[in-house]
Amino acid sequence: MRKIYNYILTACFALSATTCNAQSQFSSDQFIGTTWVPVIQPPVCIDTTSYTKSRIIMKSYFPKRNRSIVSYNNYYLSDTIPSAFDHSQVNKTSFGNYMIFYNPYMEVMTFHRIIKLDIADGTLILERYNSLRGCFEPVEYRLVKSE
């Protein structure tokens, strides 16, 4: 009987820890006017990611070619991963643990899970899909500009 009690108690603690972690939400207003760079930059380019109220602006600068590529993707935050991008949520204050964005060039929705956002510390950690490895992995960013 004691083993069953310990098992139930352990399960309750685990559920409680999971529930507490899932309750922390982020606001899209926290991202507005910020610019971030990956802590580990790709060897061939310099990447930056900036946020406005409605868009993620991703820039990649290739020094050897003196060329930049810029993409503008609409985004919003959500508690859950939607089955389709909800364009009506763009340009509104939204809350959640997932950053949902839409690439108009490829006509595809993508999402990142927000692990950590600390403007004062200058840290952003997103969990994003690595298509080369076929898995999700955290990517840490450093704040370079905040309005």
Side-chain angles (χ1 to χ4, degrees), residues 7-8 10-147:
Y7 177 77
I8 292 171
T10 303
C12 287
F13 279 126
L15 181 60
S16 172
T18 303
T19 305
C20 288
N21 187 26
Q23 289 177 355
S24 63
Q25 288 192 342
F26 303 94
S27 168
S28 58
D29 288 344
Q30 293 174 281
F31 288 91
I32 297 171
T34 60
T35 299
W36 304 85
V37 295
V39 171
I40 300 173
Q41 283 281 355
V44 296
C45 65
I46 300 167
D47 290 336
T48 60
T49 304
S50 301
Y51 295 88
T52 68
K53 180 125 177 122
S54 62
R55 289 191 166 176
I56 299 173
I57 304 163
M58 293 182 272
K59 298 178 185 177
S60 294
Y61 174 68
F62 299 87
K64 287 186 178 181
R65 295 184 177 214
N66 194 25
R67 182 173 178 180
S68 293
I69 296 174
V70 181
S71 68
Y72 301 89
N73 300 321
N74 289 337
Y75 81 102
Y76 61 91
L77 302 187
S78 176
D79 291 343
T80 59
I81 303 163
S83 57
F85 189 82
D86 184 355
H87 292 276
S88 71
Q89 294 299 314
V90 175
N91 209 23
K92 294 181 180 177
T93 298
S94 55
F95 300 91
N97 294 321
Y98 294 96
M99 183 178 293
I100 314 299
F101 55 99
Y102 183 77
N103 182 323
Y105 179 74
M106 297 178 67
E107 297 181 346
V108 65
M109 178 192 83
T110 309
F111 69 91
H112 297 324
R113 186 167 74 112
I114 306 166
I115 306 295
K116 178 181 180 181
L117 173 62
D118 188 336
I119 301 291
D121 186 39
T123 304
L124 171 63
I125 301 175
L126 299 175
E127 186 177 65
R128 62 184 198 180
Y129 188 71
N130 182 330
S131 58
L132 297 175
R133 292 189 177 146
C135 63
F136 288 91
E137 59 188 21
V139 177
E140 185 173 349
Y141 294 85
R142 179 177 46 86
L143 181 67
V144 292
K145 179 184 167 195
S146 177
E147 294 177 358

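By convention here, the first residue in the shown sequence is residue 1.
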Taking the side chain from [X] and the backbone from [Y], do they hold a donor-acceptor pair closer than 3.5 Å?
{"X": "D121", "Y": "T123", "value": "no"}
{"X": "T49", "Y": "M58", "value": "no"}
{"X": "S78", "Y": "I81", "value": "no"}

Using a 4.5 Å cut-off on heavy atoms from C-beta on, say whether the side chain of [Y] contacts that of [X].
{"X": "N97", "Y": "L77", "value": "no"}
{"X": "T34", "Y": "I119", "value": "yes"}
{"X": "Y76", "Y": "P82", "value": "yes"}

Side-chain polar contacts of residues 60-72 - donor-acceptor pairs under 3.5 angstrom, sequence neighbours left out - could you list them?
| unit_1 | atom_1 | unit_2 | atom_2 | d |
| --- | --- | --- | --- | --- |
| S60 | OG | D47 | OD1 | 2.6 |
| Y61 | OH | N66 | OD1 | 2.9 |

(message) Return the CE to OG distance between M109 and S83, rounded to the nearest 0.5 Å.
(response) 7.0 Å
(request) Classify the angle between the aromatic ring planes of Y102 and F85 as parallel (below 30°), tilted (30 to 60°) or perpendicular (above 60°). (result)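 Tilted.
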(message) Below 30° counts as parallel, above 60° as perpendicular, anything between as tilted: where do the rings of F31 and Y51 land?
(response)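 Tilted, since the angle between the ring planes falls between 30° and 60°.
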(request) Taking the six-membered ring for Trp and the single ring otherwise, decide whether the centroids of Y129 and H112 are under 6.0 Å apart. (result) no
(request) Mind checking side chain to side chain donor-acceptor pair (under 3.5 Å) for Q41 and listing every partner two or more places apart, or none if nothing turns up? (result)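 Expected list: none.
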